[in-house]
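First the proteins, then the strands, lettered A, B, ... as listed; each starts at 1.
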Amino acid sequence: MSNAKKIISLLAKAYPEPKLALDYANALELLVAVILSAQCTDARVNEVTRTLFRKYRSARAYAQADPAVFEQEIRSTGFYKNKAKAVIGCCNKLVEQFAGKVPRSVAELTTLPGVGRKTANMVLGNAFGIPGIAVDTHVLRVSNRLGLARGEDAEEVEAQLASQVPPEKWTAFSNAMILHGRHVCAARKPLCSECPLAGECAWPDKERTS
DNA sequence: CTCCCGATAT
DNA sequence: ATATCAGGAG
């Protein structure tokens, strides 16, 4: 078994049924939660969406929101002006071009304002069960450290990962990589001594900060 | 490449 | 005090 296959297998064992830490009940809620999650902890997003999801129950509801009010409602997630514009703009387009429903392809999703490949793949995989590898800062970092990919471009890394992981495992793989990046292979203080993948990891000791 | 922005860890 | 954090747009 190749090193990459071993790593992918160990990762799946370490994170059986990896699920997102974001709270959501449907594709629209997940889309909104992922947009709000940029540069923000999942815990804070959940705190905000707990009340937000009770008030806005459809794409139309967000589309009709007062921007100034909405900005304040999501303020604590940071980048609130951009995010408010993204969510409201997104939902306007959903209403006008997608019958108020969240589309099921990367191509369509990325036409929505504020939605890039990472957000699109996150929604596809977790809300629709359509295979997708969401490459965020964690997946980028962990992939490079493990030696599963090389490079800083998210789309290139996504392609490299896609060629090594069978499509039916893309979503679980990317969710596991995110969890691993958050809790073990952290940017600042990676817990290499507790890492189940340490034996197969390509990251040289000299580059470790702790 | 820069800007957006608050919360949290260090 | 300040560096960094579940990105995307201009």
Nearest 0.5 Å, what's the CE-CG distance between M177(A) and L11(A)?
6.5 Å

Rounding to an integer number of Å, can you tell me how far R141(A) CZ sits from dT4(C) P?
12 Å

Any pair with a residue in residues 165-181 of chain A that passes salt bridge (charged side-chain N to carboxylate O under 4.0 Å, His left out), sequence neighbours left out, goes on the list, sorted by first then second residue, please.
none

The criterion is salt bridge (charged side-chain N to carboxylate O under 4.0 Å, His left out); which residues satisfy it with R44(A), sequence neighbours excluded?
E47(A)

Send over the distance from Q39(A) CD to dC3(B) C1', rounded to a whole Å.
12 Å

Go through the structure and list residues passing salt bridge (charged side-chain N to carboxylate O under 4.0 Å, His left out) with E29(A), not counting sequence neighbours.
none

Between atom CD1 in I178(A) and atom C1' in dC5(C), what is the gap in whole Å?
14 Å

Tell me which pairs pass salt bridge (charged side-chain N to carboxylate O under 4.0 Å, His left out) where either residue lies in residues 89-107 of chain A, with sequence neighbours left out.
none

Using atom types as modelled and distance alone, determine if a side-chain donor or acceptor of S143(A) lies under 3.5 Å from a backbone N or O of L140(A).
no

Interatomic distance, I74(A) CD1 vs dG6(B) P [rounded to whole Å]:
12 Å

Whole angstrom value for the distance that separates C1' of dG6(B) from CD of Q72(A):
12 Å

Do L197(A) and H180(A) come close enough that some side-chain heavy atom pair is under 4.5 Å?
yes

Quiz: residues 117-131 of chain A side-chain donor-acceptor pairs under 3.5 angstrom, not counting sequence neighbours:
unit_1	atom_1	unit_2	atom_2	d
R117(A)	NE	E158(A)	OE1	2.9
R117(A)	NH2	E158(A)	OE1	3.4
R117(A)	NH2	E158(A)	OE2	2.6
N121(A)	ND2	R117(A)	O	3.2
N121(A)	ND2	I133(A)	O	3.1
N121(A)	ND2	E158(A)	OE2	3.3
N126(A)	OD1	N175(A)	ND2	2.8
N126(A)	ND2	M122(A)	O	2.9

Hey, does D136(A) reach any base, or is it just sugar-phosphate, or nothing, if we go heavy atoms under 4.0 Å?
sugar-phosphate

I'd like to know if the side chain of S105(A) pairs up with that of E108(A) as donor and acceptor (distance under 3.5 Å, no hydrogens or angles considered).
yes

With centres under 5.5 Å and planes under 30° as the test, does F79(A) stack with dG7(C)?
yes

Got a sec, which residues hit ring-ring contact (aromatic ring centres under 6.0 Å, His included) with Y56(A), two or more places apart in sequence or on another chain?
Y62(A), F70(A)

Expressed in angstrom and rounded to an integer, what is the separation of R75(A) atom CZ from dC5(B) atom C1'?
9 Å

Could you tell me if the side chain of P190(A) sits less than 4.5 Å from the side chain of V184(A), heavy atoms only?
no

At a heavy-atom distance below 4.0 Å, what parts of residues 50-64 of chain A sit against DNA chain C?
none

The nucleotide from dC5(B), dA7(B), dC5(C) with an atom nearest the side chain of S76(A) is dA7(B)

Contact summary for A14(A) and P196(A), nearest pair of heavy atoms
CB-CG, 3.8 Å

Search all heavy atoms of P113(A) against all heavy atoms of C90(A) and return the closest pair with its distance.
CG-N, 3.5 Å

Contact class for R182(A) (heavy atom, under 4.0 Å): base, sugar-phosphate, or nothing?
base

Between K55(A) and E73(A), does any NZ, NE, NH1 or NH2 come within less than 4.0 Å of an OD or OE carboxylate oxygen?
yes

Taking all atoms of both residues into account, what is the closest heavy-atom pair of G181(A) and V142(A), and its distance?
CA-CG2, 3.6 Å

Expressed in whole Å, how much space separates the P atoms belonging to dT2(B) and dA3(C)?
16 Å

Short N/O separations, protein against nucleotides 8-10 of chain C, under 3.5 angstrom:
unit_1	atom_1	unit_2	atom_2	d
dG8(C)	OP1	G116(A)	N	3.0
dG8(C)	OP1	T119(A)	N	3.1
dG8(C)	OP1	T119(A)	OG1	2.6
dA9(C)	OP1	G114(A)	N	3.0

Residues of residues 19-35 of chain A with a heavy atom under 4.0 Å from any atom of DNA chain B, listed by number, are none

Any protein N or O atoms within reach of nucleotides 8-10 of chain B? Criterion: under 3.5 Å, listing atom names and distances.
unit_1	atom_1	unit_2	atom_2	d
dT8(B)	OP1	R44(A)	NH2	2.9

At a heavy-atom distance below 4.0 Å, what parts of residues 143-166 of chain A sit against DNA chain C?
none

Selection residues 128-149 of chain A - residue pairs positive for salt bridge (charged side-chain N to carboxylate O under 4.0 Å, His left out), sequence neighbours left out
none

